[in-house]
J.: 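Quick one: structure below, then a few questions.
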Amino acid sequence: MLVEKLTQTVSYIQSQSALRPQVGIILGSGLGSFSSQIQTEVSIPYKDIPHFSVPSIEGHRGHLLLGHVGKTPVACLQGRIHYYEGHSIASVAYPTRTLAALGIKTLLVTNAAGGLQLNMEPGDLMIIKDHINLMGTNPLIGANEASLGPRFPDMTEAYPLELQDKMEHFLRIHKIPYHKGVYCALTGPTYETPAEVNYIKLLGGSAVGMSTVPEVIVANHMGIKVCGVSCITNKAAGISKHKLSHDEVTETAKKVEAQFIAFVKDFVASLSSVQ
Ligand code: HPA
């Protein structure tokens with residue numbers, strides 16, 4: 001069933017453009033303006049794409065862009081849907097499966113996250129080394145499609161080191177303050193309590209958010225190499241002296257936008273030779 005759905009989705013997208021993307025990009029909260037750096041061939045609203053759900057959250061626009069960043073052919077999800085919006089965990093991951101079915105080899109995931117380490121300041125970036133799934137579910141639950149990937153995917157190198165090193169190289173070139181750490185995903189939509197933040201710290205989390213993990217799981221399932229970067233938009237609850245709001249998240253993301261865009265552009269352009 002999933003395979004048939006993907007075939008329909010892919011054939012619709014391919015009817016809109018002959019471009020064959022090598023790299024997929026998922027733009028998180030407030031980071032959607034990176035799309036201005038893509039020489040866009042076609043921008044397809046999610047509502048027109050068979051089997052896609054439409055995001056309801058401000059800061060998430062809901063377009064699939066096909067185009068180039070430098071010489072790299074890319075497919076970019078401008079806006080993601082979240083589990084807390086009420087979609088099934090499989091539908092949250094479906095756009096990522098679509099990128100994989102379109103033929104990408106590498107996926108760059110971005111998100112906004114709360115920082116747990118005391119040395120993290122709003123506006124810093126964090127290379128995702130690994131993740132902890134605290135969403136209480138998994139997008140691979142249910143029958144496995146053997147043609148897409150294995151029943152029990154290995155997650156030892158969910159974010160391959162060579163891509164982390166490459167991101168680090170470009171962050172240094174752009175003189176952007178960054179950390180490397182473990183992204184921990186909860187369902188939201190509440191932000192965490194200070195006690196939950198302590199618990200996540202004890203577990204080994206460096207940053208906390210409400211996305212990304214479902215997408216990274218299905219990408220790994222389908223053999224795609226993943227790299228991830230979090231924009232630390234705020235200190236996590238209890239570490240921050242004030243209450244958290246979505247406005248703070250999008251405002252901080254806006255502040256680092258120019259740096260973020262420059263870094264992602266060079267990084268993605270450099271992936272043209274990684275096939
Ligand atoms: N917690 C969860 N998700 C988030 C946060 C946070 O502090 N900041 C941005 N997304």
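Owing to the predicted nature of the structure, the values given are computational and were not obtained by experimental measurement. We count ligands from 1, going down the list as the structure has it; atoms in each ligand are counted the same way.
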J.: Please check if any side-chain donor atom of Thr40 sits under 3.5 Å from a side-chain acceptor atom of Ser43, or the reverse.
T.: no
J.: Using a strict cut-off of 4.0 Å, indicate which atoms of ligand 1 neighbour a heavy atom of Ala113.
T.: 5 (C), 8 (N), 9 (C), 10 (N)
J.: Applying a heavy-atom cut-off of 4.0 Å, say which part of Ala237 lies close to ligand 1: side chain, backbone, both or neither.
T.: neither
J.: Quick one: ring-ring contact (aromatic ring centres under 6.0 Å, His included) pairs with a partner in residues 161-188, sequence neighbours left out?
T.: none
J.: Suppose we measure from atom 5 (C) of ligand 1 to each protein heavy atom; which comes out shortest, and what is that distance?
T.: Gly114 N, 3.4 Å
J.: Taking Ser240 for its side chain and His242 for its backbone only, find out whether a donor-acceptor pair lies under 3.5 Å.
T.: yes
J.: Closer than 4.0 Å to some heavy atom of Met210 - which atoms of ligand 1 meet that?
T.: 2 (C), 3 (N)
J.: Would you call Glu157 and Lys225 a salt bridge, taking side-chain N to carboxylate O under 4.0 Å as the test?
T.: no
J.: For atom 3 (N) of ligand 1, what's the nearest protein heavy atom and its distance?
T.: Gly209 CA, 3.4 Å
J.: Between Glu251 and Lys254, does the salt bridge (Lys or Arg N to Asp or Glu O under 4.0 Å) criterion hold? Intermediate values first, please.
T.: CA-CA 5 Å; Glu251 275 161 29; Lys254 268 241 143 349; over 6 Å; no
J.: Which bit of Leu186 gets closer than 4.0 Å to ligand 1, counting heavy atoms only: side chain, backbone, both or neither?
T.: neither
J.: Would Thr190 and Tyr84 count as having a side-chain donor-acceptor pair, cut-off 3.5 Å?
T.: no
J.: Between Ala207, Ala112, Ser211, flag the one that comes closest to atom 10 (N) of ligand 1 by a heavy atom.
T.: Ala112
J.: In ligand 1, which numbered atoms sit nearer than 4.0 Å to a non-hydrogen atom of Thr233?
T.: 8 (N), 9 (C)
J.: Got a salt bridge between Lys180 and Glu168, using NZ or NE/NH1/NH2 to carboxylate O under 4.0 Å?
T.: yes
J.: Determine whether a donor-acceptor pair (N or O, by modelled atom type, separation under 3.5 Å) exists between the side chain of Ser272 and the backbone of Ser270.
T.: no
J.: Give the atoms of ligand 1, by number and element, whose distance to some non-hydrogen atom of Leu244 is under 4.0 Å.
T.: 7 (O)
J.: So which protein heavy atom does atom 8 (N) of ligand 1 come closest to, and at what separation?
T.: Asn234 OD1, 2.7 Å
J.: Starting from atom 1 (N) of ligand 1, what is the nearest protein heavy atom, named by residue and atom, and what distance separates them?
T.: Glu192 OE1, 2.8 Å
